[in-house]
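Working notes for the structure below.
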Amino acid sequence: MSLSSGFYLKPAAKTYSERRNMVMAHNVLEAQNITKDFIAVRALNNVSMSVKSGEILGLIGENGAGKSTILKVINGIYVSGTYEGKILVNGEEVHLHSPHDALIKGIGFVPQEINVMEDLTVAENIFVGHLTELKSAFLKPGEIEKRASDFLKHEKINLDVKTRVRMLSIGQKQLLMIARALSWDPHILILDEPTTALAKDDVDNLFKIVREFKAGGRSIIFVTHKLEEIIEITDRVVILRDGANIATYERNQYNENKIVTDMVGRTITSMYPARNVQTGEEVLRVENLTVEHPKIKNKNLIENVSFSLKKNEVLGLVGLVGAGRTETLSALFGEYPIKSGKIFIEGKEVKIKNSGDAIKNGLCLVTEDRKANGLLMLANIKHNIVLTNLKKILNGLFINSKKENNVATTFMSKLSIKAPSYDTMVATLSGGNQQKVVISKSLNTDPKILLLDEPTKGIDVGSKNEIYNLINIMAGSGISIIMVSSELPELLAMCDRFIILAHRTTVGELLKSEATQETVMVKCFA
Amino acid sequence: MASEKNNTQIQSKGGLIVSKIFAVQEVGILIPLVVLVLFFYFFNHGFLSAPNIFSILKVMAFYGIVGVGETLVILGGDIDISVGSVAGFGAVFSTFLMMKFNCFGLLNTPYEWIGVIGFMIITIAVCSLVGFLNAFLIVDMKMPAFIVTIATLWAVRGAVMVVTNGNPIYPLPKFFMDTIGTNAQIPIVKVGTEVLGISLPFIIFILLIVIFEILLRRSKFGRNIYATGSNREVAKLAGINTRKVRYINFIILSMLAGLSGMLVAAFTRQGYPPIGDGWEMMIIAGCAIGGIALAGGYGSLIGTLIGVFIMNIVNTGLVMVGINTFLQQTVQGIIILIAVYADIVRRNRKVLS
């Protein structure tokens, strides 16, 4: 089907039907011997990769392996000439000077971070950059909505074009970003960790769109940390490590252990370490917790959420995105005024009005979004860690630098944070090490109850394994943990018990012995 | 080919050393300071004469006292444009009260100082209300700091005009003009019949710098300000009462602005209504030049000290070099632009390194 509206940008290299007639399985995109240096660091060392037509290529590697760098080269963010090597599109060498150049050559890019205009509608977001194609300088009322909705229907993406983007869920925003990339009719679509923020059903939806895209003879580069996704969706996988090609596997050669070993450069015997801790007495009980929506009238963020948590226990909050998992953690941490319901800590009812109260009562929150509310990115490791408990390092009115350095050193060795020193700026650390700093911050308040919101989001396999070990150590040392994660396998492996959330309320509970992917999903959808 | 590579490596190594030195904030700002001083000295040797140096130090102190408060507000992630009017208000309100109530009836008696000090304290208290109002509108009503303080800038300037009817207030109590003003100084040199020295405002300024720099670096109060300014969400989640932090910043700033205005009145021997006019730009520019990140969370008072110093050197220097008065403002504007650009370059380098 072609769009009569002329929505697609004209300079796209070849039209859709033309491409279909081209010989199958030739290289649509090739990066040859790319070497990219930054001051003092070689980010890419002679890396080559190619994408065939009608193929989903998996690009996998730990943080710092060079995935983002090669993507930025392919996408024209690192301007042609600032690196060595060649980029070929359909066999012809191209010199890309901007992401727009890349778009015109048919390379669409969906970045990892959500990047949308919150106060515009879905239609306006999709139409950004296409306005010059309109014949008249003025918009006819309803015109872009109509074109956008035709386009979305054609791409089988389910979004309401008139909705303000602010009102969309993270999953929907991700879809919007993909739609925006598709609106340029690319023949290669690059998805950089598209599933990080998505729940299972959104991921399935995304995979459907990806397969649809591929079915049209077009190609996809799929970047991810998650092995299951690589196995499920890709036709071939390229593994990078330390800025160099390590291996390329065809679909029939896939072997999970081999991929992990290649990525990490060492063998991880068990991804999810076992824990042998007896759970103790009840530490926290939540009864009918209800919190009002801060922005929308007569709507609750969570309603009648009830559960309990035992000492040394790791409790998983399971649910789809929007089920109220993060909201429950935030409410416990005093971020929203509590409308009704009670919170008991060690048998005593407590009132939590703000995060200060929460910390006093032994709670601590590790937030999902390190950049937005986890870390002072431009401050150093030391200042981040001590921030949550300045009292601990005060000597009278003033901060005692010796105590301060001690606190920082202790946590850096305890959590094996890899950095030159505690004076290193956290923005320069890898995702995994940043996450360890966030956890250190929380542990510094000597919490009884630790709330972990997506603790392994956007970090590499090796660091994930370290975080799992850390969770076990914390649970073993008497801390009770509530954990939220969109990665069901991780949750199933790490938690002792599961509370199921759906439609913003608790709908059930499963013990570890009863919980499988299926039983959990059935309860989520019930 | 190989030699080329070696060359680039050596260059980048050299670049690293230079950037390391420049990474120490204050070193970077000292260089333009020295260059400017030499520049003005070259064109007019009188620039480094004792009277001129002491005059610059005295005048910069008026801005600097406010600059200390403005630095706190900016570090905390806000901005306050209303400082100039608050300074003007402090100048006329205090002098108005002193003369209206004859210093509690003690005017021209040996106990005059009780009235003077008393009304100064009352004025500072009233000025703190402006800060409180600013903070209330910005922090609790969630209005943008920039617009709120532009509004209070105008409103307070209006109040100044209402109090004075636009006329300067004089004569003033002797204690105010002499003991707090002209005579309060640590004598350093004698030029002709005139004794030159470090003035009271400059002493206050330096004391404030020292006290608040220590607080910023080494106290919970300071750490909370930096955290609030660099990421309010993170600060809140760490249990910091960011609302309190921001209120305190605004209130301290308004109190310092009122104090500075009164000191100007004492030195000029009159409660002159236009006192403080245009200060906000001088002071915010001084902060920006001094490396205070205008987005909050980064910078130090040493930077502010140097920044305010540079602004005043330029002010005086341009006059002494004899540049067209009207062109002076343009030059100041250009200097502000350069400073803000330097801020951006610096921040980008920080993230990359």
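The sequence lines fix the lettering, A, B, ..., with proteins before strands; numbering per chain opens at 1.
Heavy atoms of Ala372(A) lying under 4.5 Å from chain B belong exclusively to its backbone. Of the two parts of Leu394(A), only the side chain, counted from C-beta on, holds a non-hydrogen atom closer than 4.5 Å to a non-hydrogen atom of chain B. Residue Phe333(A) touches chain B through its side chain alone, counting heavy-atom pairs closer than 4.5 Å.
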Task: Audit row: Ser230(B), Met377(A), side chain to side chain contact (heavy atoms under 4.5 Å, CB included) steps and yes/no - done: CA-CA 8 Å; Ser230(B) 45; Met377(A) 283 312 225; over 6 Å; no
- [ ] Go through the steps for Ile214(B) and Phe398(A) under the test side chain to side chain contact (heavy atoms under 4.5 Å, CB included), then give the verdict.
- [x] CA-CA 9 Å; Ile214(B) 292 172; Phe398(A) 296 107; 3.5 Å; yes
Task: Working for side chain to side chain contact (heavy atoms under 4.5 Å, CB included), residues Asn241(B) and Asn354(A) - done: CA-CA 9 Å; Asn241(B) 187 343; Asn354(A) 53 48; over 6 Å; no
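Shown here for Gly374(A) and Val234(B), the closest heavy-atom pair between the two residues is N-CG2, 3.6 Å.
Under 4.0 Å is where a charged nitrogen must lie from a carboxylate oxygen, and between Arg223(B) and Glu404(A) at least one such pair does.
How far CG of Leu390(A) is from CD1 of Ile240(B): 6.5 Å, rounded to the nearest 0.5 Å. Atoms CG and CG, from Leu375(A) and Leu237(B) in turn, are 11.0 Å apart once rounded to the nearest 0.5 Å. Taking CG of Asn373(A) as the reference point, atom NZ of Lys236(B) lies at 10.5 Å (rounded to 0.5 Å). Here CG of Asn389(A) is found 8.5 Å from NZ of Lys220(B). Values are rounded to the nearest 0.5 Å.
Contact count against chain B (heavy-atom pairs under 4.5 Å) is highest for Leu387(A) among Leu387(A), Asp357(A), Val386(A).
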